[in-house]
Q: 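Following this message is one structure expressed as structure tokens.
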Amino acid sequence: MLAGSPSDAPPTTLVLTLPDGSTREVPFGTLPREVVATIGARLLQASIAVAVDGEVQDLMTPLRKSGAFVVLTDKDPRALAVMRHSAAHILATAVRRLRPDAHIGFGPAIEDGFYYDFEVAHPFTPDDLDAFEAEMRKVIAEKYPFVREEVSLSEARKRFVDDPLKLERLDDFEGSDEVISTYTDGPFIDLCRGPHVQDSSYLKHFKLLSAAGAYWRGDEKRQMLQRIYATAYFKKEDLDARLLQLEEAKKRDHRVLGKQLDLFQLFPVSPGGVFWTPKGTIVYNTLEAFVRERQQEMFREIKTPLLYTKKLWEQSGHWGKYRENMFLVLDNETGEHDMSLKPMNCPSHHLYYASQRHSYRELPIRYVTFDVLHRNELSGALSGLTRVRQFAQDDCHVYLREDQIADEVQLLMNFILSYYDTFGLTARLKFATRPAERIGSDELWDRAEAALRAALESTGRPYELKEGDGAFYGPKIDFDVTDSIGRAWQLGTIQLDYNAPERFDLQYTGEDNAAHRPVVIHRAVSGSFERFIAILIEHFAGAFPVWLSPEQVRVLPIAPDYNEHAEAFVRRLKAAGIRAHLDARNETLNYRVREGEMQKVPYMCVIGRREAEENTVALRVRGTGKKQEILSADAFFDRVVNEVRTRALTPMADASSDVSEVTA
RNA sequence: GCUGACGUAGCUCAGCUGGCAGAGCAGCUGAUUUGUAAUCAGCAGGUCGUGGGUUCGAAUCCCACCGUCAGCUCCA
């Protein structure tokens, strides 16, 4: 251990180990730039930052510890964040030049780019963004070096006397021995830890994307700043690829495809409510039937009321924390709004469980419910199908003994992951612990977190820890799936709950003939059907696998002479439960094929003279163009029936199929 | 809820600084009888989100409200 040794006096000499195994001894406080310069001038030019003992720092920050010394060029993924952070400063430099009154907030690099927050009297317009972008190019051309200075708190306060947001940030340093540093590029100075690129010319390929409000320090009670989102890459191809990706993502946006494929509608008179069209309803019902089928053996489905008095919500704990999110309903007799549409199924299940006596032999008991739920989300939070006010979950509550937790978590996890697998979706696991606002004693939380974590770890699957992200009644495992635009959506969840059993006085009779408390596990697989369908639409770009497609087969007779033959084939498919339709309209074959493709019908069977005589079909598979195959009607029939039965992922959703051709 | 942008025919969108509301597709009618992504012609279709205001005159300018979108906050 060379660095961070507990001795008070810093080492006077540092030992750097280069990737080739050689070592350099340099005085404490040497600048990395000096070390890199001794390795090579071209390397110095190409270097974005360095990593010392795995920690990224820039070339202007004095070396304070020994260890492995790696120069990061633009080939290292860690360099990208450094460059983007510098890009944020360059953005601020440009904004300050054009809007000297702008106060600066924070400007970090984020996953796909960077942003910077400004406090301004007049919010930015799209024209402003263009102007800022042009100004940034000037700043880049100036080739301003990023100059790092380490200053005292009082000196820092002097430098940012005109920036109230920075002064507030500086208050955090009071009494701390953290190094305070500033970075200056040309006319712009910022309070910043770094690291940064050497000078502003290292930013080359960037694009300002949008401006939107954002609360100072993420606190809705504080003032709203103007945030500019942008992205930057080392290579032009990467930037172009990213911009193209954003364009493509727009085309497979479930709101766009939902309209083109006529799956659902939203009406202004029901904000956050979804109208499922006939086609969308088929998708919805097919999914629900799928979950039902899977849950047939070990689960018991029940239906429960949607409306309850506040007594239930007081008992469950929702009335206190969650009331503003519930739709309250007027009780005519009391004149009070003391009833509510249920925002979740848990209390209904607990109520039912508690209504009967249960033996330890019965456990685990699993109740599932697909009832409609209402949550009064903020109007600004609503979005397509992914954020609605009325939805349904494939909701399950398991009542079990504490010693059954590990097995049950394993079972539920396998259930959820294999469900996603049916759609070709992969999930990332998150383990979320107690939030700040919660019910139940710390002791209960200790037990719940320990039990769930042990169960999770026994599965051997990798997971990410999210401190403080648990439900207000218990820790949880979340299953996140990433959509085509790169947004991660939480779908499934497994939540361990020691609180509800207390609040609802849930019991079972043990082997010892005494009353015991069961544990409750909350489980959802799809999250909500609404959101899940949104993700499926984007995941498949609207080209659902056969079993999920609203229309599975479209039969196209070439001319009226073959209508009868085609119709008989449609009848045969329908009798087998296949969603088949005849398109014998008075239009050219080209026209009808085009429409079938745009509607993303998986299979189109063309029937003309040859096919009618030989009892075959000329099969056109969605997205494969003219590569038609001729096969016997029987063979096609068997193929489709089989694919539906096995829920095969065929015909493969072709992500490259040209969705841009789709017009209404 | 907050900040900003947007709201014109079923859909996608034109409509510059105020001066008679447009196109393509879809729809309807007719012709055409079709071999793998748009056959041709004609017709019909709008309280320009809603309500106020300014003006001789408002889709266009102003105000309020509703909705949608990008974010923030929150979240399944």
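Protein chains get the first letters and strands the later ones, always in sequence-line order, with residue 1 at the start of each.
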Q: Quick one: which protein N/O atoms are closer than 3.5 Å to N/O atoms of nucleotides 2-6 of chain B? Pair and distance per line, please.
A:
{"from": "B:C2", "atom 1": "O4'", "to": "A:Tyr215", "atom 2": "OH", "distance (Å)": "3.4"}
{"from": "B:U3", "atom 1": "O2'", "to": "A:Gln226", "atom 2": "NE2", "distance (Å)": "2.8"}
{"from": "B:U3", "atom 1": "O2", "to": "A:Gly213", "atom 2": "N", "distance (Å)": "3.3"}

Q: Taking only N/O atoms, report every protein-nucleotides 39-45 of chain B pair under 3.5 Å with atom names and distance.
A:
{"from": "B:U39", "atom 1": "OP2", "to": "A:Thr588", "atom 2": "OG1", "distance (Å)": "2.8"}

Q: Applying a 4.0 Å non-hydrogen cut-off, can you work out what A:Arg620 is touching in the nucleic acid: base, sugar-phosphate, or nothing?
A: base

Q: Please assess A:Phe532 against A:Tyr419 for the test side-chain contact (heavy atoms from CB on, under 4.5 Å), listing each intermediate value before the final yes or no.
A: CA-CA 12 Å; A:Phe532 192 68; A:Tyr419 180 83; 3.6 Å; yes

Q: Stacking between B:A76 and A:Phe391, yes or no? Criterion: centroid separation under 5.5 angstrom, plane angle under 30 degrees.
A: yes

Q: Regarding A:Gln393, tell me which of base, sugar-phosphate or nothing describes its non-hydrogen contacts under 4.0 Å with the strands shown.
A: sugar-phosphate

Q: Would you say that A:Glu611 contacts A:Ile630 through its side chain, given a criterion of any heavy-atom pair below 4.5 Å between the two side chains?
A: yes

Q: So with a 6.0 Å cut-off around CD of A:Glu437, is the heavy-atom count from everything else above 12?
A: no

Q: Should B:U33 form a Watson-Crick or G-U wobble pair with both distances under 3.5 Å, which nucleotide is its partner?
A: none

Q: Between A:Arg592 and A:Glu597, does at least one N-O distance fall below 4.0 Å, as a salt bridge requires?
A: no

Q: In plain terms, say whether A:Lys251 and A:Glu247 are close enough for a salt bridge, that is, a side-chain N and a carboxylate O under 4.0 Å apart.
A: no

Q: Rounding to a whole Å, what distance do you find between A:His318:NE2 and B:C74:P?
A: 18 Å

Q: Could you check how far CD1 of A:Ile535 sits from C1' of B:A76, rounded to whole Å?
A: 10 Å

Q: Return the CG to OG distance between A:Leu491 and A:Ser528, rounded to the nearest 0.5 Å.
A: 8.5 Å

Q: Under 4.0 Å, heavy atoms only, any strand: does A:Val269 hit a base, just the sugar-phosphate, or nothing?
A: nothing

Q: Atom CZ of A:Arg531 to atom P of B:C75: distance rounded to whole Å?
A: 12 Å

Q: Could you please name the option among B:G67, B:A70, B:G35 that lies closest to any side-chain atom of A:Arg609?
A: B:G35

Q: Applying the salt bridge (Lys or Arg N to Asp or Glu O under 4.0 Å) test to A:Lys430, which of A:Asp469, A:Asp480, A:Asp478 qualifies?
A: A:Asp480

Q: Which part of the nucleic acid, if any, lies within reach of A:Arg592 when heavy atoms closer than 4.0 Å are counted: base, sugar-phosphate only, or nothing?
A: nothing

Q: Within the structure shown, what part of the strands sits under 4.0 Å from A:Gly384 by heavy-atom distance: base, sugar-phosphate, or nothing?
A: sugar-phosphate

Q: Any chance CZ of A:Arg292 has more than 12 other-residue heavy atoms, nucleotides or ligands included, within less than 6.0 Å?
A: yes

Q: Starting from C1' on B:U12, measure out to CZ on A:Arg255 and report it in whole angstrom.
A: 17 Å

Q: Please state whether the rings of A:Phe299 and A:Phe415 are parallel, tilted or perpendicular, taking 30° and 60° as the class boundaries.
A: tilted

Q: Does any N or O donor sit under 3.5 Å from an N or O acceptor when you compare the side chain of A:Arg387 with the base of B:C74?
A: yes

Q: Is A:Glu377 touching bases, backbone alone, or none of the nucleic acid, heavy atoms closer than 4.0 Å?
A: base

Q: So what does A:Leu373 hit on the nucleic acid, given a heavy-atom distance under 4.0 Å: a base, only sugar-phosphate, or nothing?
A: nothing

Q: Distance check needed: B:U68 C1' versus A:Leu382 CG, whole Å only.
A: 10 Å

Q: Suppose you measure atom C1' in B:A38 against the same atom in B:G24; what distance do you get, rounded to whole Å?
A: 12 Å

Q: Which part of the nucleic acid, if any, lies within contact of A:Glu324, taking any heavy atom under 4.0 Å across all strands shown: a base, the sugar-phosphate backbone alone, or nothing?
A: nothing

Q: Considering Watson-Crick and G-U wobble pairs with both distances under 3.5 Å, what does B:G10 pair with?
A: B:C25

Q: Any strand counts, and the cut-off is 3.5 Å on both contacts for Watson-Crick or G-U wobble. Which nucleotide pairs with B:C2?
A: B:G71

Q: Do the ring planes of A:Phe529 and A:Phe370 sit parallel (below 30°), tilted (30 to 60°) or perpendicular (above 60°)?
A: tilted

Q: So A:Tyr229, base contact, sugar-phosphate only, or nothing? Heavy-atom distance under 4.0 Å.
A: sugar-phosphate

